[in-house]
Asks: 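Could you have a look at this structure, given as structure tokens, before my questions?
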Amino acid sequence: MATVTDLWGDDPRIEIWRDGEPAADASCVMLWVQRSQRARANLVANLAVELAKELDLPVIAVFAMTPGFPSATLRSYHFMAEGLATLADDFAARRIGWQLEIGDPVERIPVAARKLGAAAVITDVNPLRIGREWRRDVADVLEVPLVAVDSDVVVPSSLFPKEEYAARTIRPKIYRVLEDYLHRIPDPLPPVESFHREGPDPLGALDAFDLDRSVAPAPDRHGGSGIARDRMRTFVAERLATYHEDRSRADIEAGTGLSPYLHFGQIAPMEVALAVRDADVSQEAKDAMFNELIVQRELSINNALRNPDYDRYEGLPDWAKKTLAAHASDPRPEVYSYEEFDDARTDDDLWNAAMTQMIHEGFMPNRLRMYWGKQILRWTESPQDAWEIAVRLNDRYFIDGRDANSYANIAWCIGGRHDRPFGPDRDIFGIVRPMGMGAMKRTFNVKRYIEQVRSRWG
DNA sequence: ATCGGCTCGCGCAA
DNA sequence: TGCGCGAAGCCGAT
């Protein structure tokens, strides 16, 4: 049989992590579910099915839920586990088996592959450092090929091999090939049905995990592909038509609210993009949505993939680090400690309201995510401190913390990433674009937003 | 209410 | 080598 490089090496959506021929006399094709935590509209599952057809084998999906993820909170794990809880049935509907492993994927995945007699392991692409280390370490000990499919972007990330400078540099490249990639993802069935089902209930398994339980599950925002799809349909039916006008408003629900679902791969960006494309709304509304869903999101993913310091202050553009250094000793109007930020105890009612929503709901409207980050820069001793505090709060409270989008957002706020310099040179910010209360008042009813948060959370 | 200038560097035209 | 213009700002002039 041919090697996986012979089979798929030229496909821009495929990464070969361990080359070789799929094992002969195997019992299944193993689908290592990591980032694409869904059974449908899943190009990873589809490649596993393609190979299974070739070999006349069943497909078994395996997820390794690690109890040891750094500073993990109950909130993000609970959301993920709610999504995983439906996967056994969702995969069964595609004749695919299911196994939930508890433990470090680097240990559990190779063991599961051996026990299940996998011909090869097919997984998803993850742009973050830890995800890439997992794939590298699994590939090192695996005895069969490991292939990853870039299933959570519309345009494959490999088409952008260099670090993109800004939205304006990646946008034309995306639109040039968008038609080639914007297609409905089918749900083909493997030739042999698997009835394999093993492992605990994921929500119950969390009881034994060492999680930070002071960050409670988000109310009214439950994980799962079905819920994600419902939310997408509601957005398209009720809010997409005015998205280009309303997207910056925090005082009404204007966005999709899909970012946590996209983060855990419970919905494919392709599904959302097609629902938007096919909706009966103005081109202006569609363009505005595509800009967020495809251009900015895939720009953030490019940043994580191509900038080795995407989650560190050092990774900011040189012009920004230079100007921030020149203003490092400027006096700050206020300086707050991490604890004061974490308690939403600044002297700014809007910032506190945004932080309060983040603490309780694991969510913040997109416009406020900018204001929130810009003020942290204004109110800390150094831009390095601002970076550390923003990342720490982000990863602690947002359901979709530790996302490529989070790092790009914080990098935009603090260090002009994907932005341009903005004169004149001013205190603290230098020529990094400032943002203050004026910009907020110009775009939405600040008082109304604060009252909404207070009525919900005191 | 609207407008220009501030400031840097990418990418394209030439 | 020159030039247009850019993730969504701010300030002052008109």
Side-chain angles (χ1 to χ4, degrees), chain A residues 159-177 242-252 254-256 259 284-304 306-307 310 315-327 330 333 348 350-351 354 364-378 383 390 394 403-446 449:
Chain A
L159 296 193
F160 315 113
K162 287 187 297 188
E163 187 180 334
E164 292 291 334
Y165 190 77
R168 70 188 159 87
T169 66
I170 201 173
R171 187 180 290 113
K173 297 176 191 171
I174 286 176
Y175 279 102
R176 215 171 291 143
V177 298
T242 54
Y243 184 70
H244 56 294
E245 292 161 353
D246 295 341
R247 68 186 161 182
S248 293
R249 290 186 60 178
D251 56 334
I252 58 169
T256 65
S259 52
E284 218 180 347
K286 294 181 187 184
D287 287 345
M289 191 62 227
F290 270 29
N291 242 328
E292 309 299 322
L293 177 73
I294 306 175
V295 176
Q296 294 297 340
R297 181 170 178 275
E298 297 185 12
L299 177 61
S300 300
I301 289 166
N302 169 268
N303 180 53
R306 311 301 177 201
N307 178 351
Y310 68 87
L316 295 176
D318 288 338
W319 67 263
K321 283 187 288 190
K322 195 173 141 204
T323 192
L324 291 170
H327 289 273
D330 289 357
D348 178 320
L350 176 60
W351 196 94
M364 193 188 291
N366 52 9
R367 181 74 168 156
L368 281 173
R369 292 194 187 206
M370 303 181 192
Y371 180 78
W372 173 86
K374 292 283 186 190
Q375 304 325 302
I376 294 174
L377 172 59
R378 199 189 298 280
N394 183 89
D403 189 279
N405 284 292
S406 306
Y407 299 115
N409 176 56
I410 293 169
W412 181 87
C413 291
I414 293 173
R417 166 65 61 202
H418 301 153
D419 204 0
R420 61 173 160 135
F422 251 82
D425 196 89
R426 52 187 90 226
D427 287 349
I428 306 171
F429 287 80
I431 53 171
V432 171
R433 183 197 298 260
M435 190 180 269
M437 187 59 82
M440 296 302 106
K441 288 192 167 157
R442 258 174 267 125
T443 35
F444 67 95
N445 187 331
V446 169
Y449 170 77

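Chain A is the first sequence line, chain B the second, and so forth, proteins listed ahead of strands; every chain is numbered from 1. These numbers come from the heavy atoms of this one structure, side chains and all, not from hydrogens, waters or symmetry mates.
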Asks: A/N291 CG to C/dA8 P: how many Å, rounded?
Replies: 10 Å

Asks: Could you check if a side-chain atom of A/Y243 sits within less than 4.5 angstrom of a side-chain atom of A/E292, using non-hydrogen atoms only?
Replies: yes

Asks: From C-beta outward on A/S248, which listed nucleotide comes closest to its side chain: C/dA8, C/dG9, B/dT7?
Replies: C/dA8

Asks: Using the P atom on both, measure B/dT7 against C/dG12 and round to a whole Å.
Replies: 15 Å

Asks: So, OP1 or OP2 of C/dC5: does either fall under 4.0 Å of a side-chain N or O from A/R420?
Replies: no

Asks: From NZ of A/K441 over to P of C/dG9, roughly how many Å is that when rounded to an integer?
Replies: 16 Å

Asks: Name the pairing partner of B/dT7, where a pair is Watson-Crick or G-U wobble with both distances under 3.5 Å, or state none.
Replies: none

Asks: Examine the side chains of A/D348 and A/Y371 and answer whether a donor and an acceptor come within less than 3.5 Å of each other.
Replies: yes

Asks: Could you tell me whether A/G416 contacts a base, only the sugar-phosphate backbone, or nothing, with contacts defined as non-hydrogen atoms closer than 4.0 Å?
Replies: nothing

Asks: For the side chain of A/N394 and the backbone of A/S406, is there at least one donor-acceptor N/O pair under 3.5 Å apart?
Replies: no

Asks: At under 4.0 Å, does any side-chain N or O of A/R442 touch on OP1 or OP2 of C/dA8?
Replies: no

Asks: Taking only the side-chain heavy atoms of A/T169 (C-beta and beyond), determine which of C/dA7, B/dG11, C/dG9 contains the nearest atom.
Replies: B/dG11

Asks: Take atom CZ of A/R433 and atom C1' of B/dC8, then tell me their distance rounded to the nearest Å.
Replies: 13 Å

Asks: Tell me if the side-chain of A/E292 makes a donor-acceptor pair with the base of C/dA8, cut-off 3.5 Å, by modelled atom types.
Replies: yes

Asks: Report yes if a side-chain nitrogen or oxygen of A/R369 is closer than 4.0 Å to either non-bridging phosphate oxygen (OP1 or OP2) of C/dA7; otherwise report no.
Replies: no

Asks: Rounding to an integer number of Å, can you tell me how far A/Q296 CD sits from C/dG6 P?
Replies: 13 Å

Asks: Could you walk me through whether A/E298 and A/K173 pass the salt bridge (charged side-chain N to carboxylate O under 4.0 Å, His left out) check?
Replies: CA-CA 11 Å; A/E298 297 185 12; A/K173 297 176 191 171; over 6 Å; no

Asks: For the backbone of A/G315 and the side chain of A/N307, can you confirm whether one donor and one acceptor N or O come within less than 3.5 Å of each other?
Replies: yes

Asks: Go ahead and name the base partner of C/dA7; Watson-Crick or wobble counts if both distances stay under 3.5 Å, otherwise write none.
Replies: none

Asks: Base, sugar-phosphate, or nothing for A/Y165, non-hydrogen atoms under 4.0 angstrom?
Replies: sugar-phosphate

Asks: Round to the nearest Å and state the distance from A/L324 atom CG to B/dT7 atom C1'.
Replies: 14 Å

Asks: Considering heavy-atom distances to DNA chain B, does A/K173 or A/K322 have its closest nucleotide positioned more toward the 5' end?
Replies: A/K322

Asks: Distance check, P atoms only: C/dA7 and B/dT2, in whole angstrom units.
Replies: 23 Å

Asks: Quick check for you: among B/dG11, C/dA7, C/dG9, whose closest atom lies nearest to any side-chain atom of A/A439?
Replies: C/dG9

Asks: With a 3.5 Å limit on both atom pairs, tell me what B/dC12 is paired to, counting Watson-Crick and G-U wobble, or say none.
Replies: C/dG2

Asks: In whole angstrom, what separates A/W319's CH2 from B/dC8's C1'?
Replies: 7 Å

Asks: What is the distance from CZ of A/R171 to P of B/dC12, rounded to the nearest Å?
Replies: 14 Å

Asks: Using whole Å, report how far CZ of A/F429 lies from P of B/dC8.
Replies: 18 Å

Asks: Do side-chain atoms of A/Q375 reach the backbone of A/M435 as a donor and acceptor pair under 3.5 angstrom?
Replies: yes

